[in-house]
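These notes concern the structure reproduced below.
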Amino acid sequence: MKFKSDFLNIMNERGFIHQASDLAGLDAKLSEGVCTGYIGYDPTGPSLHVGHLYTIMMLRWFQVCGHRPISLMGGGTALIPDPTLKDKTRPLLTPESIAGNIESIKTVFSKFLTYGDGPTDAVMVNNYDWLGGARYIDFLREVGTHFTINRMLTFESVKMRLDRELPMTFIEFNYMVLQGYDFVELYRRYGTVLQMGGSDQWGNIINGLELGRKMDGAALFALTAPLLTTSSGAKMGKTEGGAVWLNADQCSPYGYWQFWRNTEDADVGRMLKVFTDLPMDEIARLEGLGGAEINEAKKILAFEATRLCHGQEAALAAAETARKVFEEGGVGNDLPVAEVRRADLMGASVADLFVRAGLSASKGEARRLIEGGGARVGDVLVSDPAGQIDGAFLSAGGPIKLSAGKKKHVLVRVIES
RNA sequence: GGAGGGAUGGCGGAGCGGUCAAUCGCACCUGACUGUAAAUCAGGCGUCUUCGGACUACGGAGGUUCAAAUCCUCCUCCCUCCA
């Protein structure tokens with residue numbers, strides 16, 4: 001498939017397109033001139049994670065192709081629990097925590113998009129600006145008349161609750177109305193004609209699209225990206241039980257680099273397409289590398305992805321640390337550092353040390369790690385969990401490298417108090 | 001409103017008076033093999049421990065018993081069928 005617009009061509013060849021409302025119409029619209037498009041993010045946590053990055057890259061390409069991206073923070077909708085496909089109602093977040101989350105998340109966007117006042121500069125908006133002060137009766141009269149309950153009941157998230165006779169509260173039921181209204185508001189304020197998002201947002205996006213047509217007669221478009229999974233079927237962006245965060249204070253550049261470095265062979269090509277802006281022919285070359293050579297592609301993926309999120313310098317440092325640690329078996333500056341008080345180590349066992357350093361969740365776990373032959377102190381295998389820590393060793397000065405398994409390393413720095 | 005069924009570790013799902021910290025699968029962790037990959041194989045997978053054990057756990061609260069995840073009562077929440 002070949003499009004007139006650069007944006008859709010890129011989306012297509014890089015695997016960002018899952019569903020679209022009117023591809024031909026959108027293509028025509030995009031090739032006419034500068035368009036404005038948005039993606040909404042709910043600030044329900046202090047950081048976005050790799051799962052969100054997929055759609056952030058869509059905004060990035062949108063801007064690169066000469067359009068104006070809007071990152072919408074759902075400061076208003078986050079006050080309303082999104083009806084989950086799970087059985088339970090999400091807990092209500094406080095306005096304070098949402099405001100804090102927004103501040104924390106904002107910093108990430110500026111890494112990927114260029115904000116400003118120019119025609120294709122990105123804009124950051126918060127739907128609390130229009131939802132927060134909305135007057136109930138007015139809103140119902142203006143917007144509520146366009147939603148039929150009949151239709152709302154057919155939505156998957158609603159249907160599932162009702163089918164299982166689980167409670168769905170009225171506040172949750174309102175979520176889709178508010179989110180749909182965002183599209184109208186952004187159309188009015190910025191002439192926004194396109195909403196993008198993950199495939200799970202399709203229903204919500206279409207709601208907004210139809211609302212815009214009914215209320216303003218607007219020709220709006222929807223574009224969603226497929227759910228991204230690894231070849232093994234796991235949801236993308238989870239590692240060691242936790243999400244891979246985009247904020248540096250929640251996931252260090254080195255940890256981020258490692259996440260990408262550990263991509264499965266079969267996924268390297270797709271990840272390069274989605275999470276880097278390397279040219280397609282370069283990606284094709286990297287993808288074609290066989291056997292152990294594909295490790296080079298993974299390093300490039302890790303570097304490029306880290307560069308986008310944390311900057312060139314941090315990416316270089318992370319790569320250098322990884323080289324020292326994995327290729328030389330040494331120590332790198334970027335390894336996580338755990339500070340442990342000297343007093344806490346007096347008479348402590350090796351197992352205690354691993355717990356203090358955060359490499360093991362409990363002493364029992366540390367014991368198993370050590371007994372299983374997975375623990376190293378200063379690159380020396382330790383086998384006795386109850387073994388005492390050599391005091392002289394600890395006071396020798398420089399930090400000591402602890403390793404749990406082959407990939408997890410922490411530098412322990414002993415502090416006095 | 002009536003009649004049944006169920007709530008077990010991150011998830012799924014056994015157990016139905018002692019031998020149950022609880023079979024098994026998934027997920028997760030470690031080791032081997034490798035390429036910081038996948039697949040495979042092996043081990044582990046509540047907390048503490050002087051490694052003898054101790055403690056906390058099977059929706060919640062009581063009770064029966066030498067002994068309960070298992071039996072009884074009440075409560076909460078879910079599911080199915082009938083109105």
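Chain naming here is simple, since letters A, B, ... match the order of the sequence lines and numbering starts at 1 in each.
If you check every strand for non-hydrogen atoms under 4.0 Å, A/Ala404 touches sugar and phosphate atoms only. Contact annotation for A/Gln258: base contact, defined as any heavy-atom pair under 4.0 Å involving a base atom.
Rounded to whole Å, the separation between the C1' atoms of B/rG5 and B/rG59 comes to 16 Å. B/rA61 and B/rG9: their C1' atoms are spaced 22 Å apart (whole Å). Across the P atoms, B/rC81 and B/rA67 are found 42 Å apart, a figure rounded to whole Å. For the P atom pair drawn from B/rU19 and B/rC11, the interatomic distance equals 25 Å after rounding to whole Å. Annotation: B/rG17 and B/rG13 have their C1' atoms spaced 22 Å apart (nearest Å). Comparing B/rC72 with B/rG18, their P atoms are spaced 15 Å from each other, to the whole Å. Rounded to whole Å, the separation between the C1' atoms of B/rG12 and B/rA68 comes to 25 Å. Taking the P atom of each, B/rC16 and B/rA69 are spaced 14 Å apart, rounded to whole Å.
Residues A/Asp352 and A/Thr263 both approach RNA chain B. Their nearest nucleotides, taken by heavy-atom distance, put A/Thr263 toward the 5′ side. Each of A/Arg367 and A/Asn295 has a nearest nucleotide on RNA chain B; the 5'-most of these lies closest to A/Asn295.
For B/rU36, its base never sits under 3.5 Å from the side chain of A/Lys408 at any donor and acceptor pair. A/Glu371 contributes no side-chain N or O that forms a donor-acceptor pair with the base of B/rU30 under 3.5 Å.
A/Asp384 has its CG atom 11 Å from the P atom of B/rU50, to the nearest Å. We find that CG of A/Leu369 is positioned 12 Å from P of B/rC29, with the value rounded to whole Å. One interatomic measurement links the two molecules: CD of A/Glu296 to P of B/rA37, which rounds to 15 Å at whole-angstrom precision. The CZ atom of A/Arg368 sits 14 Å away from the C1' atom of B/rC51 (whole-angstrom rounding). Rounded to whole angstrom, the span from the CD1 atom of A/Ile370 across to the P atom of B/rU49 amounts to 12 Å. Nucleotide B/rU36 holds its P atom 9 Å from the NZ atom of A/Lys299, rounded to whole Å. As a whole-Å value, the separation of A/Arg376 CZ from B/rU30 P is 13 Å. With rounding to whole Å, A/Lys298 atom NZ is found 16 Å from B/rU34 atom P.
Of all nucleotides present, only B/rU30 satisfies the Watson-Crick or G-U wobble test against B/rA42, with each distance under 3.5 Å. Base pairing of B/rA14: no nucleotide in any strand meets the Watson-Crick or G-U wobble criterion (both distances under 3.5 Å). Across every strand in view, B/rA21 sits unpaired, with no contact that passes the Watson-Crick or G-U test at under 3.5 angstrom. B/rG1 is paired with B/rC82 under the criterion used here, namely a Watson-Crick or G-U wobble arrangement in which both key atom distances are under 3.5 Å. With a 3.5 Å ceiling on both atom-pair distances, the Watson-Crick or G-U wobble partner of B/rU76 is B/rA7.
A/Glu296 and A/Arg285 are not joined by a salt bridge, as no carboxylate oxygen comes within less than 4.0 angstrom of a charged side-chain nitrogen.
Among the nucleotides B/rU47, B/rG35, B/rU36, the one closest to any side-chain atom of A/Asp265 is B/rG35. Distance from the side chain of A/Lys363 is smallest for B/rU49 among the nucleotides B/rA38, B/rG35, B/rU49. When distances are taken from the side chain of A/Phe326 to each of B/rU36, B/rA37, B/rC29, the shortest belongs to B/rU36. With distances taken from any side-chain atom of A/Lys406 to the nucleotides B/rU36, B/rG31, B/rU49, the minimum falls on B/rG31.
B/rG52 has its base syn relative to the sugar, with a glycosidic angle deviating from 0 by at most 90°.
A donor and an acceptor atom, one from each side chain of A/Tyr175 and A/Asp42, are located under 3.5 Å apart. A donor-acceptor contact under 3.5 angstrom links the side chains of A/Thr77 and A/Asn127, judged on distance only. No side-chain N or O of A/Asn333 forms a donor-acceptor pair with one of A/Thr321 less than 3.5 Å apart.
Here CG of A/Asp6 is found 9.0 Å from OG of A/Ser31. Values are rounded to the nearest 0.5 Å.
With A/Trp260 as the partner, the side chain to side chain contact (heavy atoms under 4.5 Å, CB included) test is satisfied by one option alone out of A/Ile300, A/Leu272, A/Val50: A/Val50. Of the options A/Glu327, A/Glu320, A/Glu293, a salt bridge (charged side-chain N to carboxylate O under 4.0 Å, His left out) to A/Lys299 is made by A/Glu327 and by none of the others.
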